[in-house]
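Written below as C-alpha cells is the structure these notes are about.
A, B, ... follow the sequence lines: proteins, then strands. Residue 1 opens every chain.
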Amino acid sequence: MSVASSWLGSTSWTFSFILDKVRRVTIVVFAVHYRTHTCGDLNKDAIGQHVTLAGWVNRRRDHGGLVFLDIRDRYGVTQIICDPERSAEAHRIASEVRSEYVVQISGTVVPRLAGTENPKLSTGAIEVAAEHIEILNPSRTTPFPISDTIQVDESLRLKYRYLDLRRPSMLENMVLRHRVVKAMRDYFDERGFLEIETPILMKSTPEGARDYLVPSRLYAGEFYALPQSPQQLKQLLMVAGLDRYFQIARCFRDEDQRSDRQPEFTQLDVEMAFVAEEDVMLLIEELLIFLIEKTTQKHIKQIPFPRLRFSDVMGRYGTDHPDLRFDLPLVEISDLARAGTFGVFQGALAANGIVKGIRVPGAGGYSRKEIEELTEFARMLGAKGLVSLAISAVGELKSPLIKFMSHDEVQAIIDHMQGEAGDLLLFVADSAKVCNDVLFRLRGKLAERLKLIDPNEMALCWVVDFPLLHFDEEGQRYEAEHNPFSGMDEAHIGRLDTDPLHIRARQYDIICNGYEIGGGSVRINVAEIQQKVFSLMKLDDEQIKEQFGHMLEAFEYGAPPHGGIALGVDRLVMLLANEDSIREVIAFPKTQSATDLMMGAPSPVEEKQLQELHLSIRPEEKK
RNA sequence: GGAGCCGUGGUGUAGUGGUCUAACAUGUCUGCCUGUCACGCAGAAGAUCGCGGGUUCGAAUCCCGUCGGUUCCGCCA
C-alpha cells in the first residue's frame, strides 16, 4: 500500500459501478491506496483526468513499439495504452506482464483515436495512457483460459474455482444471485416479516432425508444433526407469536446428488401465523413476479399462476412437476385400446395396466430410424416399447395397430388424441407408473426436439390437492407426502382413523419450467391430530415423545393457526440465470460424489480429534 | 447401491487395431511489429493417450478392473 500511496497522494476519491440495470452505486473512499476508479468506470466525461486503476491483465496486445493492456476487474474492462514516448518505464513493464497478473496503473484518460473506439466495452470510447505500471502480483499461466468461450472440464473448474469465478458468466451468476436474495429480503422486510436465524446444530429426527451428523465432545456417543430445513423451528416461532418469519436458510441433506441437488443448499424459508393457503400463495406469487421482473428480461407465461390438481397433473403430464412452457399432454386411451386384438394393449390391460399416448404434431414423417431412437429411449426408461401411429400428410396411416383393429376403432383413438394429418402418435401400454414415467420423459425430449421451448419464458404453476399420506410398502407404514406437519382438509380429519390415503392435504407446490422450486402447507396446530399423524407413520408413543415431544407440547400452549413455504434459492437462481445445474449459481459447490475438489473435503482428521469426540473408525472402512 | 456418457500436450478437440516417431486450434516461450481489441507474422518447446491388468505379432483404439467428472434410476419427509 505504501508503494502506491507514495505517488498517488490520498485525499478522497469516488468510484462508481453499475449494480443492476437501473442502479449505479457510487462509493466514496477517503484513503485511496490502490485505485481511483474501477475498470468499468471511465468514459468520455473523465477525459483529461489523471487516474489509477488496479486489476487483472485480461489480455496483452504487444505491437513492439506500442503495447495495449486490457485491465479487468469485477466492474469492467479498460484498455491501457503503453507508449514508450509517454513512459519508457511503463512500456517496458507492460511488455513483461502476462495474463492474470495483478497490476496497478496510473495515467491519463484520453479519447481513443477516431475509428478505434470499441463499442463492445462500456469504457470503449477512452483509454488510459499509462505513465506508471506496478506489478502487484504476477500469475502463473492459468490451468484454463479465463473466458466464457470454451467449455472446460468441470473437475478442473472446481479445483480452481477461484479462477473459474473470474469468468464473466460466473461473475454474472454471482451478481444475479446477490440481487435475487437482496430483493427477497427487501420484499419481506417491506411486508413486516422478521428475518430470524435458527441453529445449524440441531437434533436428528427419523423422518426425511439422511442427516449430516456432528459428534458431541461433551456428551460421548451423542450427536447434533445439521438441519434438513428449519421446519420445526419456524413453526415454534409462530407459537412464539413472531407472526411473520423468513430466513435465507442453509439446509443439509446427506443424499445422492443431482444437477439440481447439492448436499448443502439454500432455502427461502417463510412462515406466517393466522393464514390459510391463499395468503401464502398470493404472497409468494407476488414475490416471484417481482423477482423475475426485477432481475431478468424473462416473461411469465401466465399470471395469475394456474393452479392444478395433483391428480390432474399426474394424468396429463405424468409428473407432479410439469414443464408448462409447452403443451404435449398425455392422453389415456385404455377404454379405446380394449377394442381389437392387439396383444401389447390387451396384455397391459389384463395386468391392470393402462394405455396412454402422446401426440407429436408434425412428426408423421419421422423415419423408422427416428422412431426407433424414441423407442430405445422409452426402453431405457423401463417401457417394453413404443407403439407408433403415423398419419401422413395426406392422411394415410402407418401403424402396427392397423392389423389388429378395425378402421373405426383406430379412428376413434386418433380422434380421442386429436390427431391430424402429419402427426405421429406414440403409445405406451404398461402399469400407470411406467406409462407416466416414460411419457413424462418422452414429452420433455420431444419438446426439445420440436423446439417448443422458449428459453425466455417462465411457466409457473401451483400444484394443489395432494394426498396427505401415501403407503410405503417396504416399511409397511404411511408416509407424509410433504412433511409430517402438513395440515389437512378439515372435513377429512375423521379419515385419519378410517381412510388415511384419501385425506386432502393443505399443501401447495410451486413449479417453474418443470422444476419444483418450492412447497409448503398450512400446518397442523393441534397436538391430538399431530399425534395421530405420527402414529400412522408407525412411530410409537415413546418415539413420538422423544423425537417430537417439544412440538406436541408447544401445540398445547396456544399454537396459532399457521402455514408457510420454502423456496429453493439455488434452483430459482439457476432458472433465472438460464443454467442447467445449480452448481453454476453456487460459488463453491460440491461434486456429484459430495467432495470439494478445491479444499479436498472431506478429509481424515487427527486421532486426537477423534478421541475428543469419543469416536473410533471401523478399521475395515478406513481408506 | 445400479445404469449410461466422458477422460489424448496447459486448455479444447481429432484420431476407434498397423509409417501414430500421435494431428489441429488455442495457450506458453523466443524473435519481429506504433492503433490493436480473439492484433498480426516467423520459429520453438510441450503428450509414455487417467491408472492397472488382459487379448493381439502389434493397443490411444478391443476386453476386464479401478480412479475422477458428469447425467439418470434408487434415494431426496
Legend entry - Shortest side-chain distance from Arg98(A), nucleotide among rG69(B), rU30(B), rU71(B): rU30(B)
Inset, instruction - Indicate yes or no: at least one non-hydrogen side-chain atom of Gln592(A) is less than 4.5 angstrom from one of Arg261(A). - result: no
Legend entry - Side-chain-base donor-acceptor pair under 3.5 Å for Arg261(A) and rC76(B): yes
Inset, instruction - For the side chain of Leu156(A), starting at C-beta, report the closest nucleotide among rU11(B), rG27(B), rC76(B). - result: rU11(B)
Inset, instruction - Before giving the answer on side-chain contact (heavy atoms from CB on, under 4.5 Å), spell out for Asp320(A) and Met314(A) the whole-Å C-alpha distance, their side-chain angles and the decisive distance to 0.1 Å. - result: CA-CA 6 Å; Asp320(A) 63 355; Met314(A) 285 306 293; 4.1 Å; yes
Inset, instruction - Give the rounded distance in Å between these two atoms: CG of Leu163(A) and C1' of rG10(B). - result: 13 Å
Inset, instruction - Scan side-chain atoms only and decide if Ser521(A) and Ser486(A) contain a donor-acceptor pair under the 3.5 Å cut-off. - result: yes
Inset, instruction - Measure the CD-CG distance between Glu264(A) and Leu226(A) for me, rounded to the nearest 0.5 Å. - result: 8.5 Å
Inset, instruction - Could you pull out all residues at least two apart from Phe377(A) that satisfy ring-ring contact (aromatic ring centres under 6.0 Å, His included)? - result: none
Legend entry - rA47(B) - base-pair partner by Watson-Crick or wobble geometry, distances under 3.5 Å: none
Legend entry - Leu597(A), nearest nucleotide to its side chain (from rU28(B), rU11(B), rG69(B)): rG69(B)
Inset, instruction - For nucleotides rA14(B) and rU56(B), find the distance between their P atoms and express it as a whole number of Å. - result: 31 Å
Inset, instruction - Any strand is fair game: report the nucleotide pairing with rC41(B) by Watson-Crick or G-U wobble, both distances under 3.5 Å, or none. - result: rG31(B)
Inset, instruction - Take atom P in rA45(B) and the same atom in rC57(B), then report the distance between them in whole Å. - result: 37 Å
Inset, instruction - Hey, can you tell me if Phe548(A) and Phe534(A) have their rings parallel, tilted or perpendicular (30° and 60° cut-offs)? - result: parallel
Inset, instruction - Sugar-phosphate atoms are those with a prime plus P, OP1 and OP2; base atoms are the rest. Using that split, label each nucleotide of nucleotides 34-42 of chain B B, S or - for protein heavy atoms under 4.0 Å, 5' to 3'. - result: BBBBSB---
Legend entry - Between rU13(B) (P) and Gln151(A) (CD): distance, integer Å: 9 Å
Legend entry - rA25(B) and rG65(B), which share atom name P, separated by this distance in whole Å: 39 Å
Inset, instruction - Within residues 432-447 of chain A, find the residues that approach RNA chain B with a heavy atom at under 4.0 Å, and present them sorted by residue number. - result: Arg441(A)
Inset, instruction - Go through the N and O atoms of the side chain of Asp153(A) and the base of rG12(B), and report whether any donor-acceptor pair is under 3.5 Å. - result: no
Inset, instruction - Compare side-chain N and O positions of Ser593(A) against OP1 and OP2 of rG69(B) and report whether any pair is under 4.0 Å apart. - result: yes
